[in-house]
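Right, one structure below, let's go through it.
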There are 2 protein chains.
Amino acid sequence: MHMALKFVLLTLLDRERQTGYEIVKTFESAVGYFWSASHQQVYRELSKLTDENLVKFTSIKQGDKPDKKVYRITASGKQDLQQWLQAPVKASPGKDLLLVKLLNLRAENVAVLLEELDRAIKSAEERAAVYSGIKKTYYSKEQRASLALEDLALYLALKKGIGSVAAHIKWLRETRAEIAEYGQGRE
Amino acid sequence: MHMALKFVLLTLLDRERQTGYEIVKTFESAVGYFWSASHQQVYRELSKLTDENLVKFTSIKQGDKPDKKVYRITASGKQDLQQWLQAPVKASPGKDLLLVKLLNLRAENVAVLLEELDRAIKSAEERAAVYSGIKKTYYSKEQRASLALEDLALYLALKKGIGSVAAHIKWLRETRAEIAEYGQGRE
DNA sequence: TCTCCATATGCCACTAGTTGCATAACATAG
DNA sequence: CTATGTTATGCAACTAGTGGCATATGGAGA
């Protein structure tokens, strides 16, 4: 079983009617933190989903802009989506090139790997700050108290992001310290 | 810049000479927690790396088993690897189908999503137990004290795994509780 | 004019990943 | 004998992902 993008698109179109362009924009914003796909992929998949009658579109002429196709999920599409929801998600083992780089750890590579870790720390801290800002702006205590069930997912995704980036920063710092200590002559 | 598997293979062959089969086995054990590739991919890539003179192999006849090719990295390969080490790693935004599923959150899907979360909690707890067992078996305090620099990477990978699975379990539990609370009629 | 940006869609060629199949050598169990 | 497992390698077909190119409509700036 694969076809993950299919179900991502069905999910998004189940929430609201959208153009391919809007979906691509979604992947560049909120959803982009936990899914992404190029516009070529999106249009390719939408075309297939249309052929399979899982979605349909309405063409709309826009005077000031190019024409657009607004897609919506069909009843068949809803069925497929519901079946997918019932099926267990297979967790995909991640790929972490930073850890691969650390496999190259030996005396002559210590400096370059410490640089990599410093970059990673900086980048992770920036990401943590972004998440924190999003939380403050969109999910204050009051805003969270009035969140509808349908709007909870993005908040939960944010919480996951916050928790995992914090754990990552913790690990990065400890790793950096441990390697720097080896570099000091421990080995 | 892509070709990630290329550098994973160069890294592994820089550490020790190996057959394609051994590399695949590596992806099924320790390294598999942070990288993976099918045997078809491995052989395809090894073939390309050989054509590009980044690795070379020695064919060995084995009486009781099929012949094998033992690969090793060339000087060119080492150069390529070193250049890659100097270059910043691009963090790839993850893909999280569980979060995509949560986008389907509404009253009629609460039960099925709670089931999914329960499965995820169970699975994550099992993974945490595996990591804990590995730490206890291979990385006791004494063993860690005598770890060579070259052997640190797998320990650091384990630490990362432990930290991130803990954060994940925390989030899963909080998420489950929050959704169950909505299901109790908060909405 | 060109370049960049926005909205909007699409084709093409290639790489990376997946799945199925295959061969060769051995072993064990039913 | 078949089935399963191991060690060992490889081909083929397909899907998923990436990067480049393109068109169409508009805008702004150098």
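Values reported hereafter were calculated over all heavy atoms of this structure, with side chains retained and with hydrogens, waters and symmetry mates removed.
- The side-chain tip of B:Lys101 points at the ring of A:Trp84 from less than 6.0 angstrom away and within 45° of straight on.
- Between B:Lys48 and B:Glu52 there is no salt bridge, since none of the side-chain N atoms of the basic residue sits less than 4.0 Å from a carboxylate O of the acidic one.
- A:Lys6 comes within 4.0 angstrom of nothing in the nucleic acid, heavy atoms only.
- Contact annotation for B:Lys61: no contact, since no heavy-atom pair falls under 4.0 Å across all strands.
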Could you list, one pair per line, each protein nitrogen or oxygen that sits under 3.5 Å from a nitrogen or oxygen of nucleotides 3-10 of chain D, together with the distance?
{"unit_1": "D:dT7", "atom_1": "OP2", "unit_2": "B:Tyr21", "atom_2": "OH", "d": "2.1"}
{"unit_1": "D:dT7", "atom_1": "O5'", "unit_2": "B:Tyr21", "atom_2": "OH", "d": "3.2"}
{"unit_1": "D:dA8", "atom_1": "OP1", "unit_2": "B:Gln62", "atom_2": "OE1", "d": "3.0"}
{"unit_1": "D:dA8", "atom_1": "OP1", "unit_2": "B:Gln62", "atom_2": "NE2", "d": "2.6"}
{"unit_1": "D:dT9", "atom_1": "OP1", "unit_2": "B:Lys69", "atom_2": "N", "d": "2.6"}
{"unit_1": "D:dT9", "atom_1": "OP1", "unit_2": "B:Lys69", "atom_2": "O", "d": "3.1"}
{"unit_1": "D:dT9", "atom_1": "OP2", "unit_2": "B:Gly20", "atom_2": "N", "d": "3.4"}
{"unit_1": "D:dT9", "atom_1": "OP2", "unit_2": "B:Tyr21", "atom_2": "N", "d": "2.8"}
{"unit_1": "D:dT9", "atom_1": "OP2", "unit_2": "B:Tyr43", "atom_2": "OH", "d": "3.1"}
{"unit_1": "D:dG10", "atom_1": "OP1", "unit_2": "B:Lys69", "atom_2": "NZ", "d": "2.2"}
{"unit_1": "D:dG10", "atom_1": "N7", "unit_2": "B:His39", "atom_2": "NE2", "d": "3.3"}
{"unit_1": "D:dG10", "atom_1": "O6", "unit_2": "B:His39", "atom_2": "NE2", "d": "2.5"}

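- A salt bridge between B:Arg176 and B:Glu181 is absent, with no side-chain N of the basic residue lying under 4.0 Å from a carboxylate O of the acidic one.
- When the C1' atom of C:dT7 is taken as reference, atom CD of A:Gln18 falls 15 Å away, rounded to whole Å.
- Rounding to whole angstrom units, CG of residue A:Leu46 and P of D:dG17 are separated by 14 Å.
- B:Ile60 has its CD1 atom 17 Å from the C1' atom of C:dA24, to the nearest Å.
- Within the 4.0 Å cut-off from OP1 or OP2 of C:dA16, not a single side-chain nitrogen or oxygen of B:Gln41 is found.
- At whole-Å resolution of the value, CZ in A:Phe27 and P in D:dT18 are 12 Å apart.
- We find that CG of A:Leu49 is positioned 16 Å from C1' of C:dG10, with the value rounded to whole Å.
- Distances shown here put a side-chain N or O of B:Lys95 below 4.0 Å from the OP1 or OP2 atom of D:dG17.
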Show me the donor-acceptor pairs within less than 3.5 Å that the side chains of residues 30-46 of chain A make with the rest of the protein, sequence neighbours left out.
{"unit_1": "A:Ser38", "atom_1": "OG", "unit_2": "A:Gln41", "atom_2": "N", "d": "3.2"}
{"unit_1": "A:Gln41", "atom_1": "OE1", "unit_2": "A:Ser38", "atom_2": "N", "d": "3.3"}
{"unit_1": "A:Tyr43", "atom_1": "OH", "unit_2": "A:Tyr21", "atom_2": "N", "d": "3.4"}

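- Residues A:Leu9 and A:Ile73 have side chains not in contact (no heavy-atom distance under 4.5 Å, counting atoms from C-beta outward).
- One interatomic measurement links the two molecules: CZ of B:Arg44 to C1' of D:dC11, which rounds to 11 Å at whole-angstrom precision.
- At a cut-off of 3.5 Å, with distance as the only test, no side-chain donor of A:Asn104 or B:Gln82 sits close to an acceptor on the other residue.
- One finds no side-chain N or O of B:Lys90 lying less than 4.0 angstrom from the OP1 or OP2 phosphate oxygen of D:dT18.
- Within the structure, every pair that satisfies the salt bridge (charged side-chain N to carboxylate O under 4.0 Å, His left out) test and touches residues 25-39 of chain A, not counting sequence neighbours, is listed here: A:Lys25-A:Glu28.
- A residue-by-residue look at A:Asp64 and A:Lys48 shows that A:Lys48 has its nearest nucleotide of DNA chain D further toward the 5' end.
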